[in-house]
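Encoded as structure tokens, the structure appears first; notes follow it.
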Number of protein chains: 4
Amino acid sequence: MGIQERKERERDRRRQQIMIAAKRVFYSKGFAKVTMEDIAKEAELSPGTLYLYFKSKDELCASLSLRILQYLNIKLRHVSAEKELDGQQKLEGLKKAIIDVYEFDPLILINLFRLQSSEILKNLSPQLFADIKELFSSSLSAMSDIFKEGINNGVIIDKKPEALADLLWALFSGIVLWGESKKIMDNNEDYLKQALETAFEVFLLGIKGENRT
Amino acid sequence: MGIQERKERERDRRRQQIMIAAKRVFYSKGFAKVTMEDIAKEAELSPGTLYLYFKSKDELCASLSLRILQYLNIKLRHVSAEKELDGQQKLEGLKKAIIDVYEFDPLILINLFRLQSSEILKNLSPQLFADIKELFSSSLSAMSDIFKEGINNGVIIDKKPEALADLLWALFSGIVLWGESKKIMDNNEDYLKQALETAFEVFLLGIKGENRT
Amino acid sequence: MGIQERKERERDRRRQQIMIAAKRVFYSKGFAKVTMEDIAKEAELSPGTLYLYFKSKDELCASLSLRILQYLNIKLRHVSAEKELDGQQKLEGLKKAIIDVYEFDPLILINLFRLQSSEILKNLSPQLFADIKELFSSSLSAMSDIFKEGINNGVIIDKKPEALADLLWALFSGIVLWGESKKIMDNNEDYLKQALETAFEVFLLGIKGENRT
Amino acid sequence: MGIQERKERERDRRRQQIMIAAKRVFYSKGFAKVTMEDIAKEAELSPGTLYLYFKSKDELCASLSLRILQYLNIKLRHVSAEKELDGQQKLEGLKKAIIDVYEFDPLILINLFRLQSSEILKNLSPQLFADIKELFSSSLSAMSDIFKEGINNGVIIDKKPEALADLLWALFSGIVLWGESKKIMDNNEDYLKQALETAFEVFLLGIKGENRT
DNA sequence: TATGAATGAGCATTCATTCAT
DNA sequence: CATGAATGAATGCTCATTCAT
């Protein structure tokens with residue numbers, strides 16, 4: 001391992017540390033109220049140091065989203081690439097992957113859903129913006145592939161697979177955000193798990209055309 | 001009409017004026033960057049006056065959401081109450097109502113979707129919070145009623161109608177927010193209309209069980 | 001006096017107050033180290049209030065320069081317009097005007113000399129920049145007029161009067177700034193008065209051509 | 001050459017390198033915005049290293065001025081010591097020396113002029129402060145000597161030669177700084193060369209008393 | 001009721017300087 | 001000597017909110 005590479009690795013480790021600290025603070029204070037100083041304190045660093053690793057507060061926050069997108073992407077690519085699974089099983093795998101991602105880090109996922117439709121996105125550094133876009137694109141395309149296979153097998157209806165992927169992602173984000181509402185408005189913490197199940201079930205029924213079992 | 005009532009009416013008129021001004025500013029500057037002074041200027045009022053009609057900036061913004069929720073609620077109740085329509089037609093009416101609401105005021109709707117899952121909601125005045133909750137509840141229940149009728153008629157699958165209502169709402173918000181992403185990330189302004197169509201189609205297929213046509 | 005006008009006057013009074021406070025702080029802490037908070041405290045206002053009257057710190061500081069430029073301009077225009085004086089007397093008046101300006105407020109004058117050649121100038125609001133430019137232009141042109149008259153009378157050498165005006169201004173600023181050096185390097189507080197005298201004397205001799213007395 | 005001396009020489013070479021890098025950065029970014037990191041990068045050194053050679057940023061900047069002062073001093077001493085020249089010719093030499101210095105490095109000269117009247121000067125290390133003072137003193141005294149000779153020869157008026165030296169220096173700095181103004185305010189890049197000529201001409205006329213040619 | 005000047009806590013960001021390696 | 005990551009104090013500026021008139 002070259003010295004260059006080691007440094008890069010060390011740098012990445014630091015970035016992770018900071019992001020982990022940031023997450024902790026977000027969990028304890030809520031996204032809106034967190035200051036860079038809070039994060040710095042939690043990370044046992046000085047505010048200035050944060051800026052050695054992230055261009056701005058927005059970039060730091062967006063980087064959290066990037067991480068979960070990476071996780072999502074890996075999961076989806078994995079399902080999509082699995083040779084052993086038939087169409088039906090892949091749809092199951094898709095569902096599992098998505099629920100996995102939610103369980104991996106709900107708060108950050110919510111943050112991602114908020115970020116994806118916000119002005120902030122536009123003002124990120126071109127690099128980070130491109131990375132996020134690429135991961136979205138790649139993840140959606142992994143989903144598309146799964147649907148495409150289903151369509152080819154006649155398991156699911158003959159829709160544009162890209163549209164189905166978009167739809168599933170929208171459904172996922174909608175359920176998760178609406179789950180937040182339920183927590184806030186109805187003090188209902190249990191909504192989400194069941195709702196995701198139902199959502200997938202209906203979604204799958206909806207796309208299965210004649211071939212439902 | 002008593003003098004009391006007249007005053008109350010006048011007061012409401014003012015509130016409307018302010019909200020309309022606020023909307024204009026939101027459309028021209030984007031939600032994030034609007035200040036109370038911007039709104040005051042647009043409404044040709046002083047900042048202080050805004051606080052005579054709204055407790056805080058958050059309350060003002062939330063009141064915008066309230067308005068669109070009222071609109072949604074009226075539309076849904078109307079569909080639900082329509083005696084002449086059969087189950088299938090009501091589902092159509094439901095779809096139309098929802099698209100109507102989107103077209104009525106997309107930006108405010110997005111704002112509502114953001115608000116519904118945000119910390120802000122908790123910190124509104126109990127009255128406003130209760131109003132919003134009530135309107136959500138009422139709207140969702142109107143949807144439920146439609147689904148219930150469908151279930152009773154055997155048109156749609158035997159799921160809890162409340163769950164289906166939640167699901168539809170989540171789907172709706174997810175699509176709209178993901179549409180925003182498409183605008184930002186792909187410069188795709190046309191996504192939404194088609195996507196809403198597809199979404200409903202799949203949703204309806206999904207809930208129709210054996211009785212699909 | 002209309003209500004509009006009264007307000008404008010009140011506003012101006014405030015601006016003056018703030019500038020006066022700023023000057024006091026500059027005198028007590030030196031230009032470099034003054035913060036907006038210092039000025040606010042001295043003016044018994046809050047930092048935010050300062051920004052109601054000045055766009056930025058730079059604009060506040062530049063406004064101080066503007067004031068002394070206005071003073072200079074009035075003095076010079078006055079000398080230039082004085083019908084009773086002959087060429088020789090006007091040159092005397094010019095000298096007096098300039099020394100007057102120095103004595104009116106040395107520190108702010110130094111600030112002006114620093115500002116005039118600094119990057120800051122470029123980044124002021126177009127309005128303020130234009131005002132400063134205009135006052136410089138007007139002042140220099142008043143000097144030019146005096147020299148022109150002298151040239152026409154044959155009192156002084158046939159040089160471009162604009163060049164002579166520039167030269168005098170440069171000489172003035174140079175002497176004042178070098179006077180600051182003397183204070184700092186030689187603890188010599190008395191340099192300036194005598195130096196200005198000598199400077200003018202030599203300058204006048206230099207421009208008088210054959211007609212020296 | 002002792003080992004001690006060699007080290008000292010090596011050290012000096014480094015300091016030169018850094019100063020040259022600093023100048024480059026100043027030229028490309030403007031004085032105000034340059035950071036120590038900029039300079040370090042340009043010098044291909046680390047920020048820490050800069051502090052091995054210069055006590056502080058201010059000292060580094062002041063050292064640039066020192067360099068140009070040294071250059072000035074050499075030029076002036078040379079003119080002053082030249083046995084072959086008569087009074088008139090030395091005045092010419094003086095003019096040439098000064099223009100030379102300007103052309104050698106305009107930006108750094110401006111920096112010197114700014115430094116000479118600033119608070120920064122006071123806070124330099126006693127050594128550097130003394131060096132700068134000494135060079136000023138020596139340069140001014142070289143000028144004085146030239147004027148003294150002129151006075152003795154009756155070529156120029158019977159003024160204190162020190163006063164004339166101060167005057168010339170002030171004139172020089174004033175012209176250069178006012179030239180900066182012209183650039184900024186009038187986009188006039190050509191002012192300076194002609195202005196320096198005029199300035200010297202008038203100055204020489206002014207000091208030549210009866211003996212003008 | 002309406003005003004709008006004043007508030008002042010709050011915050012992201014910078015950068016000269018240090019020090020452990 | 002050289003490094004460069006880390007520091008953290010410092011500061012300009014914002015803006016929701018208040019309150020005397």
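Note on naming: letters A, B, ... go to the chains in the order of the sequence lines (proteins, then strands), and numbering restarts at 1 for each one.
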Item to complete: Report, as yes or no, whether the 6.0 Å neighbourhood of atom NZ on B/Lys23 holds more than 12 heavy atoms from other residues, nucleotides or ligands.
Response: yes
Worksheet, complete the sentence: Atom CZ of C/Arg11 and atom P of E/dA5 are separated, to the nearest Å, by 8 Å
Discussion item. Among F/dC15, E/dT13, F/dG12, which nucleotide has an atom closest to any side-chain atom of C/Thr35?
Written reply: F/dG12
Worksheet item: Which is true for C/Thr49 with a 4.0 Å heavy-atom rule: it touches a base, it touches only sugar-phosphate, or it touches nothing?
Response: base
Worksheet item: Does the side chain of D/Leu45 reach to within under 4.5 Å of the side chain of D/Arg14, using non-hydrogen atoms?
Response: yes
Item to complete: Report yes or no: do C/Arg13 and C/Gln16 form a side-chain donor-acceptor pair below 3.5 Å?
Response: no
Fill in: Nucleotide forming a Watson-Crick or wobble pair with F/dC15, both distances under 3.5 Å
E/dG8
Worksheet item: Between D/Ser56 and C/Gly48, who's closer to the 5' end of DNA chain E by nearest nucleotide?
Response: C/Gly48
Worksheet item: Rounded to whole angstrom units, what separation is found between the NZ atom of D/Lys41 and the C1' atom of F/dT3?
Response: 14 Å
Worksheet item: Phosphate oxygens OP1/OP2 of E/dT3: is one of them under 4.0 Å from a side-chain N or O of B/Ser46?
Response: yes
Worksheet item: If each of B/Lys55 and A/Tyr53 is mapped to the nucleotide of DNA chain F with the nearest heavy atom, which maps nearer the 5' terminus, i.e. the 5' end?
Response: A/Tyr53
Discussion item. Expressed as a whole number of angstroms, how long is the span from D/Arg13:CZ to F/dC1:P?
Written reply: 12 Å
Discussion item. Within the structure provided, determine whether A/Phe26 and A/Asp38 are in side-chain contact (heavy-atom separation under 4.5 Å).
Written reply: no
Worksheet entry | Interatomic distance where CG belongs to D/Asp38 and P belongs to E/dT17 [whole Å] | 15 Å
Practice prompt. Provide, to the nearest angstrom, the distance between the CE atom belonging to C/Met36 and the C1' atom belonging to E/dT7.
Written response: 15 Å
Discussion item. If the cut-off is 4.0 Å, is C/Arg14 near the phosphate of E/dA6, judged by side-chain N/O to OP1 or OP2?
Written reply: yes
Item to complete: May I ask you to say what C/Leu50 touches in the nucleic acid, namely base, sugar-phosphate or nothing, with a heavy-atom cut-off under 4.0 Å?
Response: nothing
Fill in: Pairing partner (Watson-Crick or G-U wobble, both distances under 3.5 angstrom) of E/dA20
F/dT3
Discussion item. Distance check needed: E/dT13 P versus A/Lys57 NZ, whole Å only.
Written reply: 9 Å
Item to complete: Could you tell me the separation between the CD atom of C/Glu37 and the P atom of F/dT14, rounded to a whole number of Å?
Response: 16 Å
Worksheet item: For A/Glu44 and D/Leu45, take the nucleotide of DNA chain F holding the closest heavy atom to each; which residue's nucleotide lies nearer the 5' end?
Response: D/Leu45
Item to complete: Return the nearest nucleotide to the side chain of A/Pro47; candidates are F/dA9, E/dG4, E/dT17.
Response: F/dA9
Fill in: Ionic contact status for D/Glu10 with D/Lys7, cut-off 4.0 Å
no
Worksheet item: With no hydrogens and no angle check, is any side-chain donor or acceptor of A/Ser56 less than 3.5 Å from a backbone partner on A/Glu59?
Response: yes
Worksheet, complete the sentence: B/Arg15 atom CZ is separated from E/dT1 atom C1', nearest whole Å, by 16 Å
Practice prompt. Tell me whether the OP1 or OP2 atom of F/dC15 has a side-chain N or O from C/Tyr51 closer than 4.0 Å.
Written response: no
Worksheet item: Just checking B/Phe54: base, sugar-phosphate only, or nothing, at a heavy-atom cut-off of under 4.0 Å?
Response: nothing
